[in-house]
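Accompanying notes for the structure given below.
Quantities reported herein were computed from a predicted structural model and do not represent experimental measurements. All values below come from the heavy atoms of this structure, side chains included, with hydrogens, waters and symmetry mates left out.
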Amino acid sequence: MPGKKQPIRVLMINKFLHHNGGSETYIFRLGETLTALGHEVQFFGMEHEGRCVGNRVGAYTADMDFHGASALEKLTYPLRTIYSSEARRKLRLVLEDFQPHVCHLNNFNYQLTPSVILEIVQWRKETGRDCRIVFTAHDFQLVCPNHMLNNPNTRENCEKCLGGHFLHCVKGKCIHGSTAKSAIGALEAILWNAAKVYRHLDQIICCSRFLQGKMDTNPLFAGKTIAMHNFVDRPEAAAADKGDYVLYFGRYSEEKGVRLLLEAARALPEIPFVFAGKGPLEDELAGVPNIRNVGFQSGEELTRLIREARFSLCPSQWYENCPFSVMESIAHGTPVLGADIGGIPELVIPGKTGALFTPGDAADLTAKLRTLWSDPDATAAMVENCRRHPFDTAEEYAKKLLRIYRGE
């Protein structure tokens, strides 16, 4: 590992190398920031027509599309989701060319598989290279085969698999409501945990203390985890005048608490709500007269909606870890009314940057909404607290990450 002032070569490993979700936003922004700080970053994952980052030798695994696959491909997927010789072979090409000081793993299960960890370890052994393996846990994947600690069939949070009891995934049909898919997920977890492959992870970054606590239920992880909230840009623009509406932005789904929020909105016809997003419950918004659905928004228009909202909402019923919607709202000077669940209470300080309500409790959500809306002076006083809230910027986060990379 190079000294403190010498550049570091970082290989970011993630199954998707195109814009797909939060973990991709994370690795792309980190890659840009680390490069700007003078370090070298390459990427390894699946090939895809939308791939926007890569490596010098052009080595990627074939795209695995579980939804659009042919019948023949689907026959081979059960084995390929557990072990991938292709991922090992392609990764070795990148390791030999790039000679990374750090391999930073992100989402790798099912497409790349934990096989990539074995290949890094073998390469280190054969070459004598000093290469740390760092993993960012974006969800509960390594302790829960469906990665949510939530049974999508019963819509209840579930911790039965914690401690390695992965057969509960099969009993609950926790992966897409399918016994077969759940069995594959459980088998993958059982085999790799029995092989103790995750002992090779040098450090596990968790985006909330809540997630860290769940990861620590695995003895292999305990002692290697560190909680680091994600980063968010601090707006440079002047504060906007607040409008007369409450904002929800995100997915319109059950686990996000949208049905609960609809119930509260119906009970509070005097409060105007703006919904920005899309999802399976979208049709139900049309029947609530005080809801204006503006659909999916991004960029400057979403920023404007956030900045001008009296306050925003995060009513999730599942174990959110570090919701970007909460961090972005607070960074833009908009207080948040959030569910007291998962990592949300680590981000929202009641009376300072927002308020919390009992998750799943429509009556409490309605009462807190009414209280916040009827006291604009109180929410106005929170605005400055929000702007001063010390979330890390990408550069501040990257500098902390560099200390982890160096094992400091």
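Looking at Arg29, its side chain never comes within 3.5 Å of a backbone N or O of Val232 through a donor-acceptor pair. Lys90 places no side-chain N or O within donor-acceptor distance of the main-chain N or O of Ala62, the cut-off being under 3.5 Å. A donor-acceptor pair under 3.5 Å links the side-chain atoms of Arg9 to the main chain of Gln99, judged by distance alone. Side-chain N or O atoms of Asn106 include none that pairs as donor or acceptor with a backbone N or O of His138 at under 3.5 Å. Within the 3.5 Å criterion, the main-chain N or O of Phe210 finds a donor-acceptor partner in the side chain of Glu346. Checking side-chain atoms of Asp202 against main-chain N and O of Ile133 turns up a donor-acceptor pair under 3.5 Å. Using a distance-only test at 3.5 Å, with no hydrogens or angles considered, a donor-acceptor pair links the side chain of Thr25 to the main chain of Gly21. Looking at Asp130, its side chain never comes within 3.5 Å of a backbone N or O of His101 through a donor-acceptor pair. Side-chain N or O atoms of Asp364 include one that pairs as donor or acceptor with a backbone N or O of Thr358 at under 3.5 Å. For the pair Glu156 (side chain) and Asn151 (backbone), a donor-acceptor distance under 3.5 Å is absent.
Pairs passing the salt bridge (Lys or Arg N to Asp or Glu O under 4.0 Å) check and including a residue from residues 53-62, sequence neighbours excluded, read Glu40-Arg56, Arg56-Asp97.
Partner of His104 under the ring pair (Phe, Tyr, Trp, His ring centres under 6.0 Å) criterion, out of Tyr405, Phe135, Phe44: Tyr405 alone.
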Taking it one step at a time, do Arg155 and Gln317 satisfy side-chain hydrogen bond (donor to acceptor under 3.5 Å, both in side chains)? CA-CA 9 Å; Arg155 295 171 179 160; Gln317 294 180 238; over 6 Å; no
Could you walk me through whether Asn193 and Phe166 pass side chain to side chain contact (heavy atoms under 4.5 Å, CB included), step by step? CA-CA 10 Å; Asn193 275 270; Phe166 300 118; 3.6 Å; yes
Residues Arg92, Glu96; criterion salt bridge (charged side-chain N to carboxylate O under 4.0 Å, His left out); working and verdict: CA-CA 6 Å; Arg92 174 57 76 104; Glu96 290 179 345; 3.5 Å; yes
One pair to check against side chain to side chain contact (heavy atoms under 4.5 Å, CB included): Val294 and Val274. What are the steps and the verdict? CA-CA 7 Å; Val294 298; Val274 172; 4.1 Å; yes
Assess the residue pair Glu86 and Ser84 against the criterion (side-chain hydrogen bond (donor to acceptor under 3.5 Å, both in side chains)); give the C-alpha distance rounded to whole Å, side-chain angles, the decisive distance to 0.1 Å, and a yes or no. CA-CA 5 Å; Glu86 180 195 22; Ser84 175; 4.7 Å; no
Go through the steps for Asp216 and Thr225 under the test side-chain hydrogen bond (donor to acceptor under 3.5 Å, both in side chains), then give the verdict. CA-CA 7 Å; Asp216 283 349; Thr225 59; 2.8 Å; yes
Would Cys314 and Ile344 satisfy side chain to side chain contact (heavy atoms under 4.5 Å, CB included), going step by step from the backbone distance to the final call? CA-CA 8 Å; Cys314 185; Ile344 296 173; 3.7 Å; yes
Walk me through it: do Thr366 and Leu369 pass the test side chain to side chain contact (heavy atoms under 4.5 Å, CB included)? CA-CA 5 Å; Thr366 302; Leu369 269 165; 5.6 Å; no
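Glu282 has no carboxylate O lying under 4.0 Å from a charged side-chain N of Lys278, or vice versa, which leaves the two without a salt bridge. Between Arg259 and Glu263, no side-chain nitrogen of the basic residue sits less than 4.0 Å from a carboxylate oxygen of the acidic one, so the salt-bridge criterion is not met. Remark: Lys400 engages Asp392 in a salt bridge, criterion side-chain N to carboxylate O under 4.0 Å. The pair Glu396-Lys399 does not meet the salt-bridge criterion, since no charged nitrogen lies less than 4.0 angstrom from a carboxylate oxygen. Between Glu384 and Arg387 there is a salt bridge, with a side-chain nitrogen of the basic residue lying less than 4.0 Å from a carboxylate oxygen of the acidic one.
For the pair Asn218 and Leu162, the minimum side-chain heavy-atom distance is 4.5 Å or more. Side-chain atoms of Met382 and Leu372, non-hydrogen and from C-beta on, do get closer than 4.5 Å to each other. Side-chain contact between Arg310 and Thr379: present, with at least one pair of heavy atoms (C-beta onward) separated by less than 4.5 Å. Counting heavy atoms from C-beta on, the side chains of Leu313 and Phe275 never come closer than 4.5 Å. A 4.5 Å side-chain heavy-atom check between Phe108 and Lys15 finds every atom pair outside the cut-off. Within the 4.5 Å cutoff, the side chain of Pro280 has heavy atoms near those of the Arg251 side chain. Inter-residue side-chain proximity for Asn55 and Leu93 is flagged as unmet; no heavy-atom pair is nearer than 4.5 Å. Side-chain contact between Ile82 and Thr113: absent, with no pair of heavy atoms (C-beta onward) separated by less than 4.5 Å.
For the 3.5 Å distance criterion, the side chains of Glu24 and Asn14 qualify, holding a donor opposite an acceptor. When only modelled atom types and interatomic distance are considered, Tyr60 and Arg51 share a side-chain donor-acceptor pair under 3.5 Å. For the 3.5 Å distance criterion, the side chains of Glu188 and Asn109 qualify, holding a donor opposite an acceptor.
Judged by the 6.0 Å and 45° rule, Lys368 forms no cation-pi pair with Phe357. Annotation: cation-pi pair Arg129/Trp123 absent, no NZ/CZ under 6.0 Å from the ring centroid and within 45° of its normal. Taking the ring axis of Phe273 as reference, the NZ or CZ atom of Arg292 does not stay both within 45° of it and closer than 6.0 Å to the ring centre.
Of all heavy-atom pairs between Ser312 and Ser329, the closest is OG-OG, 2.9 Å. Annotation for Leu356 and Pro345: closest pair CD1-CB, 3.9 Å, computed over non-hydrogen atoms. In terms of heavy-atom proximity, Ala276 sits nearest to Leu305 at CB-CD1, 4.2 Å. In plain terms, the two heavy atoms of Ile175 and Ser182 that are nearest each other are N-OG, 3.0 Å. Nearest heavy-atom pair, Thr33 versus Glu395, reported as atom, atom and distance to 0.1 Å: CG2-CA, 3.6 Å. In terms of heavy-atom proximity, Thr61 sits nearest to Met46 at OG1-CG, 3.3 Å.
Once rounded to the nearest 0.5 Å, the distance linking CD1 of Ile330 with CD1 of Ile349 reads 7.5 Å. Atoms CG and CD, on Leu95 and Glu119 in that order, are 7.0 Å from each other to the nearest 0.5 Å. Separation of atoms NZ (Lys256) and OG (Ser316) is listed at 4.5 Å; rounding is to 0.5 Å. Expressed to the nearest 0.5 Å, how far SG of Cys161 lies from CG of Asn146 amounts to 8.0 Å. In this structure, OG1 in Thr127 is found 12.0 Å from NZ in Lys125, a value given to the nearest 0.5 Å. The distance from the CG atom of Asn107 to the CZ atom of Phe16 is 8.0 Å, given to the nearest 0.5 Å.
Under the 30°/60° scheme for interplanar angles, the aromatic rings of His48 and His18 are found to lie parallel. The aromatic rings of His165 and His168 sit perpendicular, their planes meeting at an angle over 60°, well past the 30° parallel limit. Using a 30° and 60° split on the angle between ring planes, Tyr26 and Phe231 fall in the parallel class, below 30°.
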